[in-house]
Amino acid sequence: MKIATWNVNSIKARLDNAIAWLKDAAPDIVCLQELKCEDAAFPTSAFEELGYNVITHGQKSYNGVAILSKPQPEDVRRGLPGDDDDSQARYIEAAFSRKGGVIRVASIYLPNGNPLGTEKFDYKLRWMERLRAHAKQLLKLEEPLVLAGDYNVIPAPNDAKNPEAWTGDALFQPESRASFRSIVHLGFTDAIRQMHGDAPGLYTFWDYQAGAWQRNNGIRIDHLLLSPQAADLLKDARIDREVRTQERPSDHVPVVIELA
DNA sequence: ATGACATATGAGATATGA
């Protein structure tokens with residue numbers, strides 16, 4: 001079973017790219033982020049024609065998350081618990097039946113948090129604490145669980161071509177990295193790190209500006225965190241970096257895992 | 001270099017992203 005995460009940076013602007021990639025990669029479940037459209041404007045039928053079920057949690061202009069899946073979604077949750085006043089569409093979760101039981105998958109668009117010293121960075125850290133609390137509850141189910149998405153966190157210096165360039169950025173703050181580790185330390189496995197160790201150059205995002213792609217000036221911020229039951233099924237994890245060579249690409253590329 | 005690029009909104013310039 002192939003499960004992927006991809007920040008598309010507008011699903012309407014990226015529809016042709018997404019369809020081409022789905023036909024080529026043939027994932028079973030795909031977590032999308034930064035839809036930048038409301039649910040009614042999501043191009044649902046285009047994906048249904050490829051055999052996918054579609055669930056979305058969108059909003060106008062910004063944010064927005066979705067899950068495309070060959071299996072039927074069940075037990076759908078829209079929005080991250082812990083703050084009824086949070087109206088930003090950054091979390092959707094569903095369970096899927098598979099041989100021998102259920103697998104639960106979440107699509108996550110974690111707040112960017114820039115610039116430092118503002119409400120935006122506070123919101124990022126509060127959102128991460130809510131994610132940690134919810135993840136802790138989900139682990140009690142003792143199911144295969146995949147928390148996939150754009151975490152907007154560079155976990156370690158090895159996850160950036162030029163880590164020194166990110167020292168003043170919310171994505172690489174000690175608080176952001178510590179919060180990410182506190183979630184991992186609940187018992188999750190970082191799929192790319194598990195399969196590739198400390199291999200350098202494994203990036204998922206390259207800025208549009210200043211020839212970042214051509215210089216491979218990237219960062220690894222899109223992650224799939226696996227519960228112990230999911231980690232036991234892990235066969236492969238890869239970054240589809242060739243997607244960045246598409247015409248009018250997203251600034252992120254898909255990350256794909258294969259589970260037994 | 002409070003920039004570069006890209007996208008949404010809306011119809012020019014601003015907000016947001018990472």
Side-chain angles (χ1 to χ4, degrees), chain A residues 5-19 21 31-43 56-66 86-91 107-128 131 148-177 179-180 192 201-223 239 241 243-255:
Chain A
T5 182
W6 188 15
N7 178 324
V8 290
N9 185 14
S10 170
I11 190 60
K12 285 188 273 189
R14 222 64 63 202
L15 185 56
D16 291 346
N17 309 57
I19 289 172
W21 178 75
C31 299
L32 299 176
Q33 300 89 34
E34 268 207 280
L35 308 179
K36 294 187 173 181
C37 72
E38 294 174 301
D39 290 340
F42 189 88
T56 62
H57 182 41
Q59 69 180 84
K60 192 172 183 176
S61 302
Y62 305 117
N63 309 319
V65 287
D86 184 0
S87 59
Q88 299 191 29
R90 296 179 174 276
Y91 186 92
S107 180
I108 292 167
Y109 180 44
L110 205 146
N112 171 306
N114 281 307
L116 300 179
T118 69
E119 163 61 22
K120 293 189 175 191
F121 189 60
D122 293 338
Y123 175 63
K124 178 185 187 121
L125 296 179
R126 289 200 312 275
W127 204 95
M128 294 185 81
L131 178 60
D150 176 1
Y151 280 75
N152 270 317
V153 175
I154 303 166
N158 191 40
D159 295 310
K161 176 71 174 294
N162 298 122
E164 64 282 357
W166 296 91
T167 53
D169 195 286
L171 279 59
F172 197 52
Q173 286 313 290
E175 297 96 325
S176 308
R177 295 168 57 194
S179 185
F180 181 80
I192 288 289
L202 293 170
Y203 309 134
T204 65
F205 169 91
W206 298 260
D207 200 291
Y208 288 121
Q209 303 180 67
W213 167 249
Q214 287 75 11
R215 299 162 189 257
N216 194 28
N217 181 15
I219 51 177
R220 191 174 73 96
I221 56 175
D222 299 272
H223 309 297
I239 298 169
R241 51 181 293 138
V243 170
R244 195 62 170 74
T245 67
Q246 287 177 331
E247 192 173 345
R248 283 167 49 97
S250 171
D251 40 8
H252 298 249
V253 297
V255 185

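Per chain, numbering begins at 1; letters A, B, ... match sequence-line order. None of these values were measured; they are calculated from a predicted model.
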Take A/Gln209 and A/Ile11, find for each the nucleotide of DNA chain B with the closest heavy atom, and name the residue whose nucleotide sits nearer the 5' end.
A/Gln209
C1'-based separation of B/dG12 from B/dT7 [nearest Å]
16 Å
To the nearest angstrom, the CD-P distance between A/Gln88 and B/dA8 comes to 18 Å
Atom pair CG/CG of A/Asn63 and A/Leu35 - distance to nearest 0.5 Å
9.0 Å
Counting any heavy atom closer than 4.0 Å, what does A/Lys124 reach on the DNA or RNA strands: base, sugar-phosphate only, or nothing?
nothing
Can you check whether A/Arg14 has a side-chain N or O nearer than 4.0 Å to OP1 or OP2 of B/dA6?
no
Determine the interatomic distance between P on B/dA4 and the same-named atom on B/dT14; round to the nearest Å.
13 Å
A/Lys120 side-chain N/O to B/dT16 phosphate OP1/OP2 under 4.0 Å
yes
Under a 3.5 Å threshold, yes or no: a donor from one side chain and an acceptor from the other, between A/Tyr123 and A/Asp86?
yes
Can you tell if the side chain of A/Asp150 reaches within under 4.5 Å of the side chain of A/Ile221, non-hydrogen atoms only?
yes
What integer number of Å spans the P atoms of B/dG10 and B/dT16?
14 Å
Point-to-point distance, once rounded to the nearest 0.5 Å, from OH of A/Tyr109 to CG of A/Leu32
13.5 Å
With heavy atoms under 4.0 Å as the rule, sort A/Tyr109 into base, sugar-phosphate or nothing.
sugar-phosphate
Using a heavy-atom cut-off of 4.0 Å across all strands, would you classify A/Asp251 as base, sugar-phosphate, or nothing?
nothing
Rounding to an integer number of angstrom, what distance separates B/dA6 and B/dA11 when you compare their P atoms?
24 Å
When you measure from the side-chain N and O atoms of A/Ser10 to the phosphate of B/dA8, is any distance below 4.0 Å, counting only OP1 and OP2?
yes
Would you say A/Leu116 and A/Gln173 make side-chain contact, with heavy atoms under 4.5 Å?
yes
For A/Tyr123 and B/dT16, give me the distance from atom OH to atom P, rounded to whole Å.
13 Å
Mind calculating the distance between CG (A/Asn162) and P (B/dA18) to the nearest angstrom?
19 Å
Across the strands shown, which category fits A/Asp150 at heavy-atom distances under 4.0 angstrom: base, sugar-phosphate, nothing?
sugar-phosphate
In whole angstrom, what separates A/Ile154's CD1 from B/dG17's P?
16 Å
Please report, rounded to the nearest Å, how far the P atom of B/dA6 is from the CG atom of A/Asn7.
16 Å
Mind checking the P distance from B/dA8 to B/dA18? Whole angstroms is fine.
14 Å
Rounded to whole Å, CG of A/Asp159 lies from P of B/dA18 at a distance of 17 Å
Please determine if A/Glu119 and A/Arg126 form a salt bridge, counting it only when a charged side-chain N lies under 4.0 Å from a carboxylate O.
yes
Rounded to the nearest angstrom, tell me the gap between atom CZ in A/Arg90 and atom P in B/dG17.
7 Å
Only residue of A/Val253, A/Asn152, A/Ile219 satisfying side chain to side chain contact (heavy atoms under 4.5 Å, CB included) with A/Phe205 is A/Ile219
Looking across every strand, which nucleic acid part, if any, lies under 4.0 Å from A/Asn63 by heavy atom: base, sugar-phosphate, or nothing?
nothing
If only side-chain N and O atoms of A/Arg248 are considered, is one of them under 4.0 Å from the OP1 or OP2 phosphate oxygen of B/dC5?
no
Below 3.5 Å, does any donor atom in the side chain of A/Asp169 face an acceptor in the base of B/dA18, or the other way round?
no
With DNA chain B as reference, determine whether A/Gly211 or A/Ile221 sits nearer its 5' end, using the nearest nucleotide of each.
A/Gly211
Of the nucleotides B/dT16, B/dA6, B/dA18, which has the atom closest to the A/Tyr62 side chain?
B/dT16
A/Glu34 CD - B/dT16 C1' separation (whole Å)
9 Å
Whether A/Asn112 contacts B/dA18 is assessed here as follows: a side-chain N or O lying under 4.0 Å from the phosphate OP1 or OP2. Is that the case?
yes
Counting only side-chain N and O atoms of A/His252, is one of them less than 4.0 Å from OP1 or OP2 of B/dA18?
yes
So, OP1 or OP2 of B/dT7: does either fall under 4.0 Å of a side-chain N or O from A/Asn9?
no
Taking the side chain of A/Lys60 as heavy atoms from C-beta outward, which of B/dG10, B/dT16, B/dA18 is closest to it?
B/dG10
